[in-house]
2 protein chains.
Amino acid sequence: MGDDTPVRRGRRLPTRGELRDWRVFTETSEALRAELAARLHNETGLSPSDYRVLLALSEAEGERLRSSELADAVGWERSRLSHHLKRMERRGLIRREDCAADSRGAEIVLEKEGATAFHGATVPHLTAVRELFVDALTPEQIAAAGEIARALAAHLDARTP
Amino acid sequence: MGDDTPVRRGRRLPTRGELRDWRVFTETSEALRAELAARLHNETGLSPSDYRVLLALSEAEGERLRSSELADAVGWERSRLSHHLKRMERRGLIRREDCAADSRGAEIVLEKEGATAFHGATVPHLTAVRELFVDALTPEQIAAAGEIARALAAHLDARTP
DNA sequence: TCCTCCTCATTGACATGTCAATCATATGAT
DNA sequence: ATCATATGATTGACATGTCAATGAGGAGGA
């Protein structure tokens with residue numbers, strides 16, 4: 001049975017070849033994510049989620065953001081962010097303050113310890129990205145990976161309002 | 001500053017362009033994973049992890065596998081598998097049996113309810129793969145995605161013994 | 001004003017994942 | 001036979017993620 005054989009007939013399901021490409025794609029991105037997370041955590045004590053939050057806060061005006069702006073910046077649901085901030089606050093990386101403009105709101109402020117941890121993690125993180133991603137591919141493949149991801153993201157956004 | 005400008009000079013860190021491609025690549029594969037997981041769970045009550053385990057057992061001789069063989073088949077650490085099997089056993093999808101050949105070992109057996117759930121999930125799962133992955137890309141992009149993933153996986157395997 | 005509706009953010013319950021430690025059994029050397 | 005060691009699998013502690021429910025405050029119309 002060739003690569004263009006549908007897994008089931010007459011229902012527009014993926015062919016075997018498409019399924020093989022899908023499987024290696026997801027399994028590899030998952031393995032890559034796990035490896036990068038393990039390295040970052042070993043070398044810096046930060047998780048990728050910590051890193052993202054600290055990056056967004058570092059780049060913000062006054063190193064502070066409204067909780068909802070931060071959620072947009074990192075692309076997470078509110079509840080996920082809320083849980084994560086609780087853990088980061090417990091570790092002294094960030095601090096919550098009441099918002100003057102809207103008493104419902106919260107402002108998330110980068111603590112000194114958080115800034116230090118972030119700066120110490122930047123080079124290890126970028127080095128890992130180079131070793132695990134950039135060094136593995138040709139420049140053309142890197143660009144193609146970006147294009148493919150953009151196409152997938154556009155398609156995904158179109159069908160998840 | 002152009003796309004070939006190193007983020008930091010003289011240490012072989014990724015360029016801004018490489019970093020952009022990396023970021024869209026990981027963020028998109030993560031979003032895709034989450035969307036597929038949510039759909040599968042809504043439509044079938046199974047998580048992607050459940051599905052993988054049930055698939056491996058369905059394809060095995062006698063619909064049973066040694067725990068370690070199952071771990072290899074799905075590519076997980078033992079402890080992760082053990083935790084997951086505990087949850088699946090609680091739901092009646094699989095069953096553990098003592099192993100005749102090696103009294104340390106365990107055999108994992110597909111339960112009737114697990115087989116039923118798996119068969120009911122196959123078409124929804126494949127449909128979601130088509131909608132979210134296959135339909136988003138050209139045939140050339142699908143093949144390229146597979147090639148890129150294989151290159152990443154080979155590189156990753158080479159440096160994680 | 002008061003009432004309704006919307007938004008901001010948090011919480012609790014639970015599913016999932018990682019790591020290190022543990023326990024029991026097999027295996028091989030003496 | 002005995003002992004040291006390796007292997008198969010599980011467990012506990014904890015980090016992370018999702019969903020649904022909640023509380024608490026703003027915003028606008030009757």
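Below, all heavy atoms of this structure are taken into account, side chains as well, without hydrogens, waters or symmetry copies. Quick note on labels: first sequence line is chain A, next is B, and so on, each numbered from 1. Just so it is clear, the model here is predicted, and its values are computed rather than measured.
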Tell me whether the OP1 or OP2 atom of C/dG17 has a side-chain N or O from B/Ser49 closer than 4.0 Å. yes
Atom-to-atom span, CH2 of B/Trp76 to C1' of C/dC19 - whole angstrom: 17 Å
In whole angstrom, what separates B/Leu40's CG from D/dG17's P? 20 Å
Does the pair B/Glu43/B/Arg39 count as a salt bridge with the N-to-O cut at 4.0 Å? no
N or O in side chain of A/Ser68 less than 4.0 angstrom from C/dA9 OP1/OP2: yes
B/His41 NE2 to D/dC19 C1': how many Å, rounded? 10 Å
A/Phe133 vs B/Leu156 side-chain heavy atoms within contact, under 4.5 Å: no
Check ion pair B/Arg150-B/Glu147 (N to O, under 4.0 angstrom): yes
Would you kindly give the CG-to-C1' distance between A/Asp50 and C/dT18, to the nearest whole Å? 15 Å
If I take atom CG in residue A/Asp98 and atom C1' in nucleotide D/dG25, what distance separates them, rounded to the nearest angstrom? 12 Å
Rounding to an integer number of Å, can you tell me how far A/Asp102 CG sits from C/dC6 P? 17 Å
Please enumerate all protein N or O atoms sitting under 3.5 Å from an N or O of nucleotides 10-14 of chain D, with distances to 0.1 Å.
from   : atom 1 : to      : atom 2 : distance (Å)
D/dT10 : OP1    : B/Arg96 : NH1    : 2.4
D/dT10 : OP2    : B/Ser82 : OG     : 3.1
D/dT10 : OP2    : B/Arg96 : NH1    : 3.3
D/dT10 : O5'    : B/Ser82 : OG     : 3.3
D/dG12 : O6     : B/His83 : NE2    : 2.6

Round to the nearest Å and state the distance from B/Glu30 atom CD to C/dG17 atom P. 12 Å
Ignoring backbone atoms, establish whether A/Arg104 has a side-chain N or O less than 4.0 Å from OP1 or OP2 of D/dG23. no
I'd like to check the side-chain contact (heavy atoms from CB on, under 4.5 Å) partners of B/Ala117; sequence neighbours left out, ordered by chain and number. B/Leu46, B/Leu93
Note: A/Glu107-A/Arg95 ion pair, threshold 4.0 Å (strictly below): no
Between A/Glu69 and A/Ala38, the residue closer to the 5' end of DNA chain C by nearest nucleotide is A/Glu69
Less than 4.5 Å apart, any side-chain heavy atom of B/Trp76 and any of B/Val53? yes
Check the orientation of A/Phe25 and B/Phe25. Use parallel for under 30°, tilted for 30 to 60°, and perpendicular for over 60°. perpendicular
Five pairs per end, C1' atoms only: what is the angle between the end axes of the helix from C/dT1-D/dA30 to C/dT30-D/dA1, to 10 degrees? 0°
Linking I/L/V/M/F/W/Y whenever any side-chain heavy atoms sit under 4.5 Å apart, do B/Met88 and B/Phe118 land together? yes
To the nearest Å, how far apart are B/Glu77 CD and C/dC19 C1'? 8 Å
Lys/Arg-Asp/Glu bridge criterion (N-O < 4.0 Å) met for A/Arg159, B/Glu35: no
Can you figure out which of C/dA26, D/dG25, C/dT16 approaches the side chain of B/Ser103 most closely? C/dA26
Ion pair present between A/Glu89 and A/Arg96, side-chain N to carboxylate O less than 4.0 angstrom? yes
Phosphate OP1/OP2 of D/dT16 contacted by A/Ser47 side-chain N/O (<4.0 Å): yes
Sugar-phosphate, base or nothing in reach of B/Arg87, heavy atoms under 4.0 Å: base
